[in-house]
Amino acid sequence: MSCYCGSSQTFEQCCQKILSRNNKAQSPEQLMRSRYSAYATQNAQYLFETTAKAQQADQQLSEIAEWAKQTVWLKLVVHHADERDIVSNKTTFDIKHPPKVNFSAWYIHNKKYYQMTELSSFIIEDEQWKYSIGESLSHHELPLPKRNDLCPCGSTKKFKRCCGNF
Ligand SMILES: [Zn+2]
Ligand SMILES: [Zn+2]
């Protein structure tokens, strides 16, 4: 199976290494992808820990967990990602211009199908990338795929046998 984040690698080769803390996310895009995979695998602890401290206060671990449990993530598309190397930025990070990742994600929540597009900012804290602020660019409901349609997640299964199996 390819990774939840939509990369061409398997989950084991890709986001799992980061979720298991064996590897650090090397770029804002990698962190963003790993957070998407954390949503998909309901890893609320990871989501909380990779949120910048200033934003953690607004979030409850239990709320993240509850939201993740009720949501099926179908697809992620990264449109643009500013690349910064963590080593070169360790001492010279410009807090006024944090690197950003522009992405769209498709998910089902309470049997409704949504597309969201966000511009997320990332900062370095404790020598690792963290999610800082997300600016929502669009967020709307889409018609639910028909039961016999191919699933939009790209699995080549019918929707009813895949992400629409509820
Ligand atoms: Zn991945
Ligand atoms: Zn699917």
Side-chain angles (χ1 to χ4, degrees), residues 1-52 64-65 67-87 89 98-125 127-132 134 138-166:
M1 192 192 102
S2 67
C3 189
Y4 298 96
C5 79
S7 76
S8 53
Q9 296 173 304
T10 63
F11 178 54
E12 289 74 20
Q13 294 168 327
C14 187
C15 292
Q16 193 181 44
K17 286 185 185 168
I18 300 171
L19 295 176
S20 66
R21 303 294 196 171
N22 285 334
N23 290 13
K24 274 186 183 179
Q26 294 297 309
S27 64
E29 179 176 356
Q30 250 186 27
L31 184 78
M32 191 267 134
R33 287 180 174 278
S34 71
R35 284 176 53 87
Y36 177 89
S37 292
Y39 274 111
T41 57
Q42 301 179 27
N43 190 338
Q45 185 70 36
Y46 181 83
L47 290 163
F48 188 74
E49 286 171 7
T50 54
T51 299
I64 304 173
W67 162 258
K69 203 162 65 179
Q70 295 167 352
T71 309
V72 180
W73 294 87
L74 279 75
K75 194 166 75 160
L76 171 71
V77 173
V78 175
H79 305 297
H80 175 80
D82 293 335
E83 289 303 333
R84 304 272 175 95
D85 181 60
I86 192 165
V87 178
N89 264 284
K100 296 184 180 193
V101 179
N102 180 1
F103 68 92
S104 295
W106 287 258
Y107 67 93
I108 293 171
H109 184 77
N110 287 337
K111 302 186 182 177
K112 289 183 176 169
Y113 184 35
Y114 296 93
Q115 177 184 350
M116 60 173 287
T117 301
E118 188 180 300
L119 191 59
S120 302
S121 299
F122 295 85
I123 61 166
I124 291 174
E125 236 175 34
E127 296 181 18
Q128 52 177 305
W129 286 109
K130 297 220 180 150
Y131 172 71
S132 171
S138 73
H139 196 177
H140 53 266
E141 191 181 344
L142 300 170
L144 200 65
K146 298 206 166 47
R147 291 175 50 74
N148 286 314
D149 286 354
L150 279 180
C151 191
C153 77
S155 66
T156 71
K157 290 185 214 162
K158 287 183 177 176
F159 181 61
K160 66 181 177 188
R161 300 204 191 287
C162 190
C163 301
N165 184 15
F166 44 70

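Every number for a ligand or one of its atoms is a count from 1 in the order of the listing.
Contact annotation: the side chain of Ser104 approaches that of Gln115 to within less than 4.5 Å [non-hydrogen atoms, C-beta and beyond]. The side-chain heavy atoms of Tyr39 and Thr71, taken from C-beta on, include no pair separated by under 4.5 Å.
Ser37 and Tyr46 share no donor-acceptor pair across their side chains, judged by distance under 3.5 Å alone.
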Ignoring hydrogens and angles, write down the donor-acceptor pairs under 3.5 Å from the side chains of residues 159-166, residues two or more places apart or on other chains.
from, atom 1, to, atom 2, distance (Å)
Lys160, NZ, Asn148, OD1, 2.9

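Of the listed residues (Glu125, Arg35, Lys130), just one forms a side-chain hydrogen bond (donor to acceptor under 3.5 Å, both in side chains) with Thr50, and that residue is Arg35.
The CD atom of Glu118 lies 11.0 Å from the NE2 atom of His79; values are rounded to the nearest 0.5 Å.
Protein N/O/S atoms found under 2.8 Å from the Zn ion (ligand 1), listed by chain and residue number: Cys3 SG, Cys5 SG, Cys14 SG, Cys15 SG.
Angle subtended at the Zn ion (ligand 2) by Cys163 SG and Cys162 SG: 110°, rounded to 10 degrees.
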